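For reference, the structure is listed below as structure tokens.
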There are 4 protein chains.
Amino acid sequence: MSPRTVDKSAKKRALLRASMKVFARKGFAKAKMIDIANEAGIGKGTIYEYFRSKDQIFIDAFHFFIGDLEAEYDKILSSPKGPIEKFEEIIDTTIDGFLAAGDFGGILMDFWAEGIRNHQQIEMEHIFNLKEVYQKYREIIAEVIEDGIRIGKFREIDAKLSAAILIGCLDGLLLQSIMDPKMIDLRKAARVCANIFISGLAR
Amino acid sequence: MSPRTVDKSAKKRALLRASMKVFARKGFAKAKMIDIANEAGIGKGTIYEYFRSKDQIFIDAFHFFIGDLEAEYDKILSSPKGPIEKFEEIIDTTIDGFLAAGDFGGILMDFWAEGIRNHQQIEMEHIFNLKEVYQKYREIIAEVIEDGIRIGKFREIDAKLSAAILIGCLDGLLLQSIMDPKMIDLRKAARVCANIFISGLAR
Amino acid sequence: MSPRTVDKSAKKRALLRASMKVFARKGFAKAKMIDIANEAGIGKGTIYEYFRSKDQIFIDAFHFFIGDLEAEYDKILSSPKGPIEKFEEIIDTTIDGFLAAGDFGGILMDFWAEGIRNHQQIEMEHIFNLKEVYQKYREIIAEVIEDGIRIGKFREIDAKLSAAILIGCLDGLLLQSIMDPKMIDLRKAARVCANIFISGLAR
Amino acid sequence: MSPRTVDKSAKKRALLRASMKVFARKGFAKAKMIDIANEAGIGKGTIYEYFRSKDQIFIDAFHFFIGDLEAEYDKILSSPKGPIEKFEEIIDTTIDGFLAAGDFGGILMDFWAEGIRNHQQIEMEHIFNLKEVYQKYREIIAEVIEDGIRIGKFREIDAKLSAAILIGCLDGLLLQSIMDPKMIDLRKAARVCANIFISGLAR
DNA sequence: GATGAATGAGGATTCATTCAT
DNA sequence: GATGAATGAATCCTCATTCAT
């Protein structure tokens with residue numbers, strides 16, 4: 001007879017979500033394996049059936065979190081819409097992606113923190129290459145801005161720097177939202193943000 | 001003849017700077033007391049002559065870092081300049097404050113991370129009340145924006161939300177600068193940022 | 001039609017052999033249950049259908065290994081041959097027994113190690129009573145030597161001690177053979193060993 | 001004022017002795033760090049001030065144990081004495097070295113066990129190269145035997161194999177002595193052993 | 001019978017903190 | 001005042017064993 005069958009992949013994802021919730025709540029460093037086990041309603045040892053180590057959970061969480069986002073941005077870029085619409089969509093996508101994360105938005109802090117440090121371990125260096133991720137985002141958005149400049153919608157402005165500013169704006173809003181969710185209505189903020197930037201960049 | 005006197009206060013500040021450098025480099029959690037001692041060129045035990053605990057160093061570092069900034073903002077606000085000039089000064093002050101921090105800018109990540117979590121310990125809750133700090137910043141900047149609206153320089157816009165967006169923008173730029181200092185010319189970014197916002201808010 | 005019958009005893013022996021191979025290769029302490037399962041090509045849980053515990057496997061392996069050897073020695077002793085022939089046969093039997101073990105000769109190390117320690121557990125104390133086993137061997141061989149002395153083939157010598165020396169000699173050769181199989185030709189060593197001892201004991 | 005001074009080297013040696021005692025008693029695998037700490041009368045954490053890891057203690061113990069022995073053998077060989085005297089001295093030195101080890105003779109079992117396994121880790125492979133150690137011993141003793149053959153004291157015999165047999169003999173005696181110290185009078189055994197071998201090898 | 005997912009007791013190791021000098 | 005040796009609480013991870021299927 002076949003032994004108990006478990007959808008390992010589904011359970012792994014569930015475990016990942018539990019881990020991310022704990023990381024978001026306590027921070028990676030202060031999160032204990034037992035906390036994750038409790039959150040997931042399983043035994044401590046079981047975690048190791050799905051992840052090699054605490055670090056590995058974190059790495060997997062990073063990919064889980066970042067994963068779809070990249071695909072979404074690509075989709076926006078390759079759409080036939082104009083730069084202003086793309087601009088708005090980028091903002092909405094970022095905000096929506098974060099809101100969808102719900103409970104574990106706070107994990108962003110740890111991703112930033114890990115992504116920013118100069119890692120001694122080559123492995124981590126490679127995995128948390130946020131530097132490159134941001135570099136790419138800036139390029140993507142700069143292209144949209146350059147398009148806008150080319151077709152005369154935006155005035156002549158440093159596109160790369162403007163992109164950095166928009167990204168910064170969104171990250172900074174998320175930061176404030178994590179800190180004080182009731183204070184910041186992200187959806188409204190997204191609209192105002194788009195408004196300010198589009199006016200600010202307009203010829 | 002006076003006995004060997006050590007300026008405790010000066011040494012404490014030196015120690016604090018050493019600690020912040022280490023925190024910035026490795027993150028609070030991964031920073032070891034021995035790292036701080038080595039950075040400061042003293043013995044591990046000596047740290048405890050100046051600080052009760054590792055946590056206390058962190059708390060003191062927070063105040064050391066935030067300290068003057070608040071005063072600076074107050075000065076800007078109470079100056080007789082117009083809202084646009086104030087706006088520009090707020091941006092410059094934030095960027096300059098960060099640039100002045102130099103080596104230990106990376107500690108911002110830890111302040112954010114600590115400030116954001118829901119602390120179990122009441123003590124920490126009180127000390128790292130970033131929520132309140134940001135709340136206050138938003139109010140200060142919103143006031144400037146409202147002034148601008150009142151005198152017709154800025155169009156009717158949600159001042160509080162705009163303030164949040166500006167703060168987010170600055171934080172987000174610092175984030176990118178910590179991550180990739182060579183990529184982001186903060187001074188130039190400050191100018192572009194001011195430019196975009198002032199145009200974006202302009203009637 | 002008989003239901004799927006598994007020869008439990010045969011499978012148990014096969015499992016035992018797999019276990020011994022693993023013990024020989026990695027040592028008892030470093031051998032994992034999963035290693036044994038893999039070596040035997042079965043599931044981890046199945047081992048427990050045949051053995052109560054890892055310790056029990058080890059105990060059973062010990063008996064499996066030692067088992068026949070005792071019978072062989074008894075046969076030699078009760079044969080009508082002379083002491084010199086018996087002497088040679090004891091050496092050959094020991095070496096052959098070891099060579100027959102083949103892949104799992106290395107398990108001897110663990111038997112010695114376990115047999116030698118002062119066990120906290122009474123159970124182990126009783127089971128791994130190597131002390132007694134060796135005591136008995138010494139007596140058996142001493143008897144052969146005394147026979148040799150009695151009939152004038154061997155000179156007057158401490159028979160018990162000489163027996164210990166011969167046993168030591170054989171164990172020590174096995175040790176070297178386990179360590180460096182290509183270096184020690186055990187069969188040749190057996191002959192030289194017999195030669196040296198018989199000459200050395202000869203009147 | 002100078003802080004508490006500790007002779008780190010002396011304490012390390014004392015700790016090593018305590019560790020070896022525990023290893024001898026329980027075996028490396030079953031020895032716990034806390035056992036070592038208790039035996040040494042210190043705290044668990046203190047061990048790590050002197051040794052990187054449990055493995056490192058074991059490696060250091062190996063060198064501590066083997067260390068002088070090699071020098072002793074070299075001294076014997078380079079002496080101007082005849083092969084028979086050298087032969088006797090080799091036996092005595094081995095036995096005396098072991099007797100001097102006293103309480104921690106049982107650690108030999110672990111050295112053998114570790115030295116014999118095929119190590120996955122290159123590091124261990126290199127450190128516990130018992131294979132080479134034994135190879136060298138066999139060569140040293142074989143030389144003595146060849147000397148004896150050359151000057152006509154010993155008969156034509158496979159010197160290398162005879163050396164292996166002598167070494168085996170000594171190891172095997174130690175084994176029995178570890179197992180049952182009261183049963184084996186090692187000093188007497190040494191004399192009988194020398195006697196048998198010298199007669200056995202004699203022309 | 002057979003299996004492997006789940007478990008938690010156990011153990012090596014880390015590191016903030018203490019304190020004798 | 002300064003120090004670093006000593007400490008043990010805390011934590012990650014291993015793995016023998018259990019048991020539902």
Side-chain angles (χ1 to χ4, degrees), chain A residues 1-8 11 15 29-37 40-57, chain B residues 3-6 8 11 29-37 40-57, chain C residues 3-6 8 11 29-37 40-57, chain D residues 1-8 11 15 29-37 40-57:
Chain A
M1 205 196 315
S2 76
R4 174 168 30 173
T5 353
V6 173
D7 185 343
K8 280 212 122 186
K11 185 151 189 190
L15 245 174
K30 289 197 184 129
K32 309 304 167 211
M33 294 309 271
I34 187 68
D35 297 327
I36 295 173
I42 59 168
K44 186 162 46 74
T46 310
I47 300 172
Y48 292 88
E49 296 282 323
Y50 297 87
F51 302 93
R52 197 193 334 291
S53 65
K54 195 185 170 196
D55 276 350
Q56 190 60 52
I57 301 178
Chain B
R4 185 162 53 128
T5 333
V6 174
K8 278 209 101 170
K11 187 156 184 185
K30 289 195 185 132
K32 314 295 168 222
M33 294 305 270
I34 185 70
D35 296 329
I36 295 172
I42 59 168
K44 189 156 47 83
T46 310
I47 299 172
Y48 290 85
E49 297 286 326
Y50 297 88
F51 300 95
R52 194 195 339 288
S53 68
K54 195 185 170 195
D55 277 350
Q56 191 57 52
I57 300 177
Chain C
R4 187 165 51 130
T5 336
V6 175
K8 278 209 100 170
K11 187 156 183 187
K30 291 196 184 131
K32 314 293 168 226
M33 294 307 269
I34 186 67
D35 297 328
I36 295 172
I42 60 168
K44 188 156 48 84
T46 311
I47 300 172
Y48 290 85
E49 298 285 326
Y50 297 88
F51 301 95
R52 194 194 341 285
S53 67
K54 194 187 172 194
D55 276 351
Q56 191 57 53
I57 300 177
Chain D
M1 204 198 313
S2 75
R4 174 167 33 173
T5 352
V6 173
D7 185 342
K8 280 212 122 186
K11 185 152 187 188
L15 246 173
K30 290 197 184 129
K32 311 300 168 214
M33 294 308 271
I34 186 70
D35 297 328
I36 295 173
I42 59 168
K44 190 161 44 72
T46 310
I47 300 172
Y48 291 86
E49 296 283 324
Y50 296 87
F51 302 94
R52 195 192 336 289
S53 66
K54 195 185 170 196
D55 276 351
Q56 191 59 52
I57 300 178

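All heavy atoms count here, side chains included; hydrogens, waters and symmetry mates do not. Chain naming here is simple, since letters A, B, ... match the order of the sequence lines and numbering starts at 1 in each. Treat the numbers as computed from the prediction; the structure is a model and nothing was measured.
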**Prompt:** Side chains of C:Phe51 and C:Asp55: does their closest heavy-atom pair fall under 4.5 Å?
**Reply:** no
**Request:** Return the value, rounded to whole Å, for the distance between atom CD1 of B:Ile34 and atom P of F:dA6.
**Result:** 15 Å
**Asked** For the residue pair D:Ala31 and D:Lys54, what are the closest heavy atoms and their distance?
**Response** O-NZ, 2.9 Å
**4.5 Å side-chain heavy-atom contact, A:Lys30 and A:Asp35** = no
**Request:** Check every atom of F:dG8, F:dC13, F:dT7 against the side chain of D:Lys44 and return the nucleotide holding the closest atom.
**Result:** F:dG8
**A:Ala29 versus B:Ala29, closest heavy-atom pair with distance** = CB-CB, 3.2 Å
**Request:** Write down the distance between CG (D:Leu15) and P (F:dA5), rounded to a whole number of angstrom.
**Result:** 14 Å
**Prompt:** Which nucleotide, F:dC13, E:dT13, F:dT18, lies nearest any side-chain atom of D:Tyr48?
**Reply:** E:dT13
**Request:** May I have the distance from C:Lys30 (atom NZ) to F:dA16 (atom P), rounded to whole angstrom?
**Result:** 14 Å
**Request:** For F:dA2, take OP1 and OP2 only and decide whether either is under 4.0 Å from a side-chain N or O of B:Tyr50.
**Result:** yes
**Message:** Measure CD/D:Gln56 against C1'/E:dT14 and give the value in whole Å, please.
**Reply:** 18 Å
**Prompt:** Where each residue is assigned the nucleotide of DNA chain F containing its nearest heavy atom, which of C:Ala31 and A:Met33 is assigned the position nearer the 5′ end?
**Reply:** A:Met33
**Fill in**
Assign each of B:Gly41 and D:Gly45 the nucleotide of DNA chain F bearing its closest heavy atom; nearer the 5' end lies the nucleotide of B:Gly41
**Request:** Using atom CD1 of A:Ile36 as one end and atom C1' of F:dC12 as the other, report the distance to the nearest whole Å.
**Result:** 11 Å
**Prompt:** For A:Ala37, which contact category applies under a 4.0 Å heavy-atom criterion: base, sugar-phosphate, or nothing?
**Reply:** nothing
**Prompt:** For D:Ala29, which contact category applies under a 4.0 Å heavy-atom criterion: base, sugar-phosphate, or nothing?
**Reply:** nothing
**Between P of E:dT7 and CD of A:Glu49, the distance in whole Å** = 10 Å
**Asked** Quick one: stems for DNA chain E, with Watson-Crick or G-U pairs under 3.5 Å, at least three in a row?
**Response** E:2-21 with F:2-21
**Message:** Let me confirm one number: the CD-CD1 distance from A:Glu49 to A:Ile47, rounded to the nearest 0.5 Å.
**Reply:** 11.0 Å
**Nucleotide F:dT14, atom P - distance to CZ of A:Arg52 in whole Å** = 10 Å
**Contact under 4.0 Å: A:Thr46 side-chain N or O vs E:dA5 OP1/OP2** = no
**Item:** Polar side-chain atom of A:Lys11 near backbone of A:Tyr50 as donor-acceptor pair, under 3.5 Å
**Value:** no
**Prompt:** How many angstroms lie between atom CD of A:Gln56 and atom CZ of A:Arg52, to the nearest 0.5 angstrom?
**Reply:** 5.0 Å
**Request:** Identify which nucleotide among E:dA16, E:dA6, E:dT13 has an atom closest to any side-chain atom of B:Lys32, counting heavy atoms from C-beta outward.
**Result:** E:dA16
**Approximate separation, where rounding is to 0.5 Å, of C:Ile36 CD1 and C:Ile57 CD1** = 4.5 Å
**Request:** Give a yes/no answer on whether the side chain of D:Lys11 brings an N or O atom under 4.0 Å of OP1 or OP2 in F:dA6.
**Result:** yes
**Request:** Would you mind classifying the nucleic acid contact of D:Ile42 as base, sugar-phosphate or nothing, using non-hydrogen atoms under 4.0 angstrom?
**Result:** sugar-phosphate
**Item:** Residue B:Lys54, side-chain atoms from C-beta onward, closest of E:dT13, E:dA16, E:dA5
**Value:** E:dA16
**Asked** If you pin C:Gly43 and A:Ile47 to their nearest nucleotides in DNA chain E, which one's is more 5'?
**Response** C:Gly43
